[in-house]
Structure formats: structure tokens, C-alpha cells
Amino acid sequence: MPSSVIAKITYNEAERLLYVFYHSGSLYAYKEVPSATYQAMKKVRSKGAFLNQHIKGHFAYTRIK
């Protein structure tokens with residue numbers, strides 16, 4: 001199901017970075033995210049709810065744009 005907030009997510013396994021692209025144009029890189037967390041996020045219906053419950057506040061991040 002498409003997210004009303006998140007446009008796309010990608011993952012760099014070598015660097016353990018989760019990239020979250022927002023419909024607003026913002027891009028954030030969440031650091032030290034386990035591959036299993038990314039895989040779980042890909043499967044859930046509500047990506048925004050998953051992000052709020054399991055990513056934000058749990059992993060350091062950098063705003064890229």
C-alpha cells in the first residue's frame with residue numbers, strides 16, 4: 001500500500017543505512033539499521049507507522065535534503 005508520507009525507502013547493506021524519501025522532497029539516512037528491520041519495513045502495510053514505532057528515536061539520522 002502506498003504511503004501518504006513516504007515516497008520510497010532504500011537500504012545500503014554494506015553501510016547499514018536506511019534511506020527514507022518523503023513526498024515532501026526530504027531525504028533522511030538512518031544509521032546502523034539492521035537489514036532485518038529494513039526487510040520488515042518493506043513488508044508492512046503502513047510504512048509511516050513502522051517508521052514512527054521502530055526507526056525514529058531508535059536510530060541516529062542525517063538529513064540529506
Side-chain angles (χ1 to χ4, degrees):
M1 171 178 238
S3 172
S4 61
V5 176
I6 298 172
K8 179 173 78 168
I9 59 170
T10 61
Y11 185 70
N12 179 318
E13 192 161 347
E15 295 183 11
R16 294 175 45 129
L17 291 172
L18 172 67
Y19 294 97
V20 179
F21 298 80
Y22 292 88
H23 287 295
S24 68
S26 297
L27 168 60
Y28 286 78
Y30 291 88
K31 303 171 185 178
E32 297 301 320
V33 176
S35 177
T37 302
Y38 167 66
Q39 295 301 325
M41 187 174 184
K42 286 191 341 180
K43 294 177 184 177
V44 297
R45 184 174 183 170
S46 177
K47 306 247 183 301
F50 187 94
L51 181 76
N52 289 331
Q53 293 172 357
H54 303 284
I55 306 294
K56 288 184 176 181
H58 299 277
F59 299 98
Y61 66 90
T62 299
R63 183 174 182 192
I64 297 173
K65 79 174 198 180

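Scope of the values below: all heavy atoms of this structure, side chains included, with no hydrogens, waters or symmetry mates.
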Legend entry - Intermediate values then yes/no, side-chain contact (heavy atoms from CB on, under 4.5 Å), Ile6 and Met41: CA-CA 12 Å; Ile6 298 172; Met41 187 174 184; 3.9 Å; yes
Inset, instruction - Show your working on ring pair (Phe, Tyr, Trp, His ring centres under 6.0 Å) between Phe59 and Tyr30 and close with a plain yes or no. - result: CA-CA 6 Å; Phe59 299 98; Tyr30 291 88; 7.7 Å; no
Inset, instruction - Decide side-chain contact (heavy atoms from CB on, under 4.5 Å) for Thr37 and Leu18; before the verdict, give the C-alpha distance in whole Å, the side-chain angles of both, and the deciding distance to 0.1 Å. - result: CA-CA 9 Å; Thr37 302; Leu18 172 67; 5.9 Å; no
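Heavy atoms from other residues, nucleotides or ligands lying under 6.0 Å from CD of Glu13 number 12 at most. More than 12 heavy atoms of other residues, nucleotides or ligands lie within 6.0 Å of OH in Tyr22, so this atom counts as buried by the packing criterion.
The side chain to side chain donor-acceptor pair (under 3.5 Å) check on Ser26 picks up Ser24, Arg63, with sequence neighbours excluded. In terms of the side chain to side chain donor-acceptor pair (under 3.5 Å) criterion, Glu15 has no residue partners (sequence neighbours excluded). In this view, Leu27 and Tyr19, Phe21, Ile64, Lys65 satisfy the side-chain contact (heavy atoms from CB on, under 4.5 Å) rule, not counting sequence neighbours. For His54, the ring pair (Phe, Tyr, Trp, His ring centres under 6.0 Å) partners two or more places apart in sequence, or in a different chain, are Phe50. Partners of Lys31 according to the side chain to side chain donor-acceptor pair (under 3.5 Å) rule, which considers only residues two or more places apart in sequence or in another chain, are Thr62.
Leu51 and Val33 fall within the same hydrophobic cluster, where Ile, Leu, Val, Met, Phe, Trp and Tyr residues are linked whenever their side-chain heavy atoms come under 4.5 Å apart, directly or through other members.
The shortest heavy-atom contact between Tyr11 and Arg16 is OH-CA, 3.6 Å. Between Thr10 and Tyr38, the shortest heavy-atom distance links the atoms C-CE1, 4.0 Å. When every heavy atom of Gln53 is checked against every heavy atom of His58, the shortest pair comes out as O-NE2, 3.1 Å.
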